[in-house]
Undergrad: 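Sharing a structure here in structure tokens format.
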Amino acid sequence: MDGTNDGSPSSKLHTRLRLWEFPDCYIFEPIDGLADLFLSVSRANGTMNLVEALPPRGSSTPKVQTVYGVIGVLKLAVGSYFLVITDRDCVGSYLGHAIFKVTGLKVLPCNNALNTTSAEQKKMESEFSELLDAAERTIGLHFSYDINLTLSAQRLHDLGDEYKSLPLWRQAEPRFLWNSYLLEPLIENKLDQYLLPVIQGSTRMWRRGADAEGYAANFVETEQIMQSKGYTASYVQVRGSMPFLWEQIVDLTYKPSFDIVRQEEAPRVLERHFHDLQKKYGAVLAVDLVNTGGGEGRLRERYAKSIEPILSEDVRYVHFDFHRVCGHIHFERLSQLYEQIKDYLKQHRYFLINDKGEKIEEQTGTVRTNCIDCLDRTNVTQSMIGGKILESQLQRIEVLGVDDTISNHPAFDTNYKVLWANHGDAISIQYSGTPALKGDFVRYGKRTTQGIVNDLRNALARYYLNNFVDGTKQDAMDLLQGHYMTSVSRDMAVPRKGGLLENYASFRLAFALVMGALMFMMMSLRHARNDVRHLLLSLLWAGLCIGITHFVKANGRTFANRPRFHQSRH
């Protein structure tokens with residue numbers, strides 16, 4: 001996909017397109033005037049052709065709007081869907097390249113053939129269409145471009161079915177990243193500080209551990225970039241779920257139990273994961289922040305045991321019980337962790353070039369940090385590591401003195417903390433649906449009453465989202481990223497749940513029944529003094545409340561909102 005290097009008009013990428021919606025086709029017209037061909041997409045089956053002019057308008061006036069990119073094409077059971085960007089906000093720039101946040105999506109159906117398909121295929125298409133509607137409401141997509149954005153009409157046409165078969169994040173040029181995020185630079189004494197993470201789309205409870213190929217959930221690469229006095233320095237660190245097969249399926253409890261899946265495969269999966277990390281980053285220091293005891297302790301033991309065969313000078317493992325050492329307020333005790341890893345950080349350094357582009361320092365290893373979610377404890381720890389590295393870089397180029405620290409410069413220190421706090425919030429919102437917990441320490445350097453209250457509110461919000469929203473959201477994100485390859489067969493059956501309970505279980509219905517039973521119980525109690533039958537009725541209603549509550553609790557996994565097409569790894 002090298003159309004960006006071809007200067008011919010037919011392969012030019014465009015920053016804006018005018019979308020014409022005709023009765024039988026969609027027409028994408030370049031607005032910048034760099035091309036003399038239009039892309040025509042059939043509304044019947046999604047086939048693409050290049051045309052030299054707009055079709056006759058006839059008696060009806062077509063709808064027209066500006067779009068900023070074609071994300072990709074989804075080919076479902078009986079039709080194709082084009083996903084286009086209808087709105088975006090500029091959130092920053094990097095080396096002259098604008099970074100935009102997608103704030104509007106639109107799904108263009110190309111499934112007129114639905115009129116001639118079977119009832120079951122129509123039902124399946126309807127279910128996927130509902131997920132597409134949810135995807136439109138799941139805005140978490142950021143992208144960057146300089147002057148080129150959308151694939152040209154010629155490139156789309158030439159790629160054809162090859163283009164449709166690619167995962168969505170590979171169907172764009174330049175590459176689209178699901179919720180990759182570039183924070184606004186802070187500028188203090190001509191020093192620009194950036195955080196640039198790359199994120200894979202998933203929700204908190206429905207993507208845990210790693211898959212069989214070693215790809216970890218919530219894996220985020222964060223590059224901290226500093227420019228000052230003609231120098232450019234950076235430091236890369238990563239986070240990701242513990243890289244072996246484990247699950248934490250929602251069941252309406254506040255903290256569902258952890259389930260280690262196929263334990264015998266853990267060493268192989270973990271070795272594959274760290275092999276990939278070493279190829280990309282060199283040496284790897286794994287910092288594990290989970291609790292020593294309880295369910296987290298079982299995961300820690302499996303992690304430590306599985307990584308032991310590959311430990312070497314280039315693969316190291318450090319466990320630091322964040323909650324036991326730091327509690328909920330003493331995060332300054334992270335200095336104990338720094339003392340354990342500072343020699344590794346000094347040995348593997350950071351990246352630094354001068355104004356001539358000459359390499360002065362090279363980063364030869366990274367730190368991989370994890371807790372359970374790789375959000376709150378991880379963000380506090382990564383901000384500490386990033387701060388220590390930044391101090392070393394500023395001392396190296398003599399912006400800071402040898403014994404000087406960032407904390408001695410309050411304005412800069414404040415901006416730096418806000419940068420990392422915003423960074424943590426952005427990752428957390430994408431993965432859990434709420435800002436990061438413990439964000440007040442990252443933002444202000446100390447725990448505050450308001451921060452503790454915010455943590456309580458966000459924890460309750462996470463519980464609600466995890467149990468009653470994220471299943472549908474995960475389906476929508478998987479669909480948007482091309483994980484559902486429903487184009488393989490048009491004869492595939494409509495996915496069904498397992499049994500009667502699975503088909504009709506509804507937490508809302510159960511909750512309504514409990515509330516109704518409570519209301520009737522209270523009404524009966526009011527008349528119990530005058531009629532013993534009302535006392536018996538109140539006991540009956542109370543028993544019904546208890547029975548329904550117990551039944552829902554016992555079948556929590558069924559009543560929770562789960563991905564429609566989720567399959568356990570067992």
Side-chain angles (χ1 to χ4, degrees), residues 166-170 175-181 195-202 206-224 234-247 260-290 299-300 302-319 341 344-345 347-351 362-375 378 381-382 385-386 427 430-431 477-478 481-483 569:
L166 293 173
L168 281 184
W169 67 270
R170 293 184 59 197
R175 186 177 68 164
F176 284 78
L177 300 174
W178 179 260
N179 204 29
S180 66
Y181 203 86
L195 295 177
L196 180 62
V198 177
I199 303 174
Q200 297 180 354
S202 61
W206 296 109
R207 288 294 185 273
R208 295 293 210 193
D211 64 14
E213 300 301 316
Y215 295 106
N218 199 25
F219 184 83
V220 182
E221 176 192 277
T222 300
E223 182 173 16
Q224 178 177 280
S234 77
Y235 188 76
V236 174
Q237 51 185 319
V238 298
R239 69 178 75 187
S241 193
M242 285 179 276
F244 51 90
L245 302 173
W246 61 279
E247 297 178 332
I260 301 175
V261 182
R262 303 202 298 270
Q263 297 192 29
E264 69 280 0
E265 295 188 24
R268 178 191 63 79
V269 173
L270 185 143
E271 182 178 6
R272 175 68 179 271
H273 177 79
F274 276 88
H275 176 70
D276 291 344
L277 292 182
Q278 284 184 275
K279 286 198 301 183
K280 187 171 186 179
Y281 303 108
V284 182
L285 168 63
V287 176
D288 184 7
L289 303 173
V290 302
L299 294 177
R300 182 199 67 81
R302 173 53 52 191
Y303 193 0
K305 184 175 181 180
S306 299
I307 200 175
E308 186 174 350
I310 64 171
L311 291 179
S312 65
E313 185 66 20
D314 291 332
V315 177
R316 308 184 192 182
Y317 172 83
V318 172
H319 175 252
I341 67 174
Y344 173 89
L345 297 178
Q347 177 184 352
H348 293 285
R349 307 298 290 166
Y350 45 78
F351 179 78
E362 182 176 6
Q363 183 179 346
T364 59
T366 191
V367 179
R368 184 198 191 279
T369 308
N370 76 269
C371 48
I372 292 297
D373 297 326
C374 304
L375 296 177
T378 295
T381 302
Q382 284 198 336
I385 294 173
I427 297 173
Q430 187 275 321
Y431 190 56
M477 296 171 76
D478 283 343
Q481 294 178 96
H483 294 172
R569 295 170 176 172

Undergrad: Counting neighbours of CD on Glu271 that are heavy atoms of other residues, nucleotides or ligands and sit closer than 6.0 Å, is the number greater than 12?
TA: no
Undergrad: Can you confirm whether Asn370 sits close enough to Val290 that some side-chain heavy atom of one is under 4.5 Å from a side-chain heavy atom of the other?
TA: yes
Undergrad: Measure the shortest side-chain to side-chain distance between Gln363 and Gln237 over non-hydrogen atoms and say whether it is less than 4.5 angstrom.
TA: no
Undergrad: Have a look at Cys371 and tell me which of Asp288, Thr381, Thr378 forms a side chain to side chain contact (heavy atoms under 4.5 Å, CB included) with it.
TA: Thr378
Undergrad: Check Gly209 against Trp246 and note the closest heavy-atom contact, atom names and distance.
TA: CA-NE1, 3.0 Å
Undergrad: Less than 4.5 Å apart, any side-chain heavy atom of Leu277 and any of Thr366?
TA: no
Undergrad: With side-chain contact (heavy atoms from CB on, under 4.5 Å) as the test, would you mind laying out the steps for Ile310 and Leu270 before giving the verdict?
TA: CA-CA 9 Å; Ile310 64 171; Leu270 185 143; 3.6 Å; yes
Undergrad: Do Ile385 and Tyr235 have side chains that approach each other closer than 4.5 Å (heavy atoms only, starting at C-beta)?
TA: yes
Undergrad: Go through the structure and list residues passing side chain to side chain contact (heavy atoms under 4.5 Å, CB included) with Glu264, not counting sequence neighbours.
TA: Arg262
Undergrad: For the pair Arg316 (side chain) and Val287 (backbone), establish whether a donor and an acceptor sit closer than 3.5 Å, ignoring hydrogens and angles.
TA: no
Undergrad: Can you see which heavy atom on Tyr431 is nearest to which on Ala217, and at what distance?
TA: OH-CB, 4.3 Å
Undergrad: How far does CD of Gln263 sit from NZ of Lys305, to the nearest 0.5 angstrom?
TA: 8.0 Å
Undergrad: Using only atom types and a distance under 3.5 Å, with no angle test, would you say the side chain of Gln382 pairs donor to acceptor with the backbone of Thr222?
TA: no
Undergrad: For Arg208 and Ser241, work out which heavy atoms get closest and say how close.
TA: C-OG, 3.9 Å
Undergrad: Using the side-chain contact (heavy atoms from CB on, under 4.5 Å) rule, take Ile260 and Leu299 through it: C-alpha gap first, then chi angles, then the decisive distance, then the call.
TA: CA-CA 7 Å; Ile260 301 175; Leu299 294 177; 3.7 Å; yes
Undergrad: Do Arg207 and Asn218 have side chains that approach each other closer than 4.5 Å (heavy atoms only, starting at C-beta)?
TA: no
Undergrad: Quick one: closest heavy-atom pair of His273 and Gly214, and the distance?
TA: ND1-O, 2.8 Å
Undergrad: How long is the span from the CZ atom in Arg302 to the CG atom in Leu245, to the nearest 0.5 Å?
TA: 11.0 Å
Undergrad: Return the minimal non-hydrogen interatomic distance between Pro243 and Arg368, and the atom names on each side.
TA: CD-NH2, 3.8 Å
Undergrad: Taking Glu213's backbone N and O only, do any of them form a donor-acceptor pair with Asp211's side chain (distance below 3.5 Å, no angle check)?
TA: yes
Undergrad: Going by heavy atoms in the side chains, are Val367 and Leu345 under 4.5 Å from each other?
TA: yes
Undergrad: Any side-chain heavy atom of Val261 sitting closer than 4.5 Å to one from Phe244?
TA: no
Undergrad: Checking Ala286 now: which residues fulfil side chain to side chain contact (heavy atoms under 4.5 Å, CB included) with it, not counting sequence neighbours?
TA: Phe274, Tyr303, Ile307, Tyr317
Undergrad: So, do Val284 and Asp314 sit near enough that their side-chain heavy atoms are less than 4.5 Å apart?
TA: no
Undergrad: Using salt bridge (Lys or Arg N to Asp or Glu O under 4.0 Å) as the criterion, list what pairs up with Glu308, not counting sequence neighbours.
TA: none
Undergrad: With no hydrogens and no angle check, do the side chains of Glu362 and Tyr350 hold a donor and an acceptor under 3.5 Å apart?
TA: no
Undergrad: May I ask you to say whether Glu265 pairs ionically with Arg268, meaning some side-chain N is under 4.0 Å from a carboxylate O?
TA: yes
Undergrad: How close do Gly365 and His348 get, heavy atom to heavy atom, and via which atoms?
TA: N-CB, 3.7 Å
Undergrad: Check this for me: does any side-chain nitrogen of one of Glu221 and Lys280 sit under 4.0 Å from a carboxylate oxygen of the other?
TA: yes
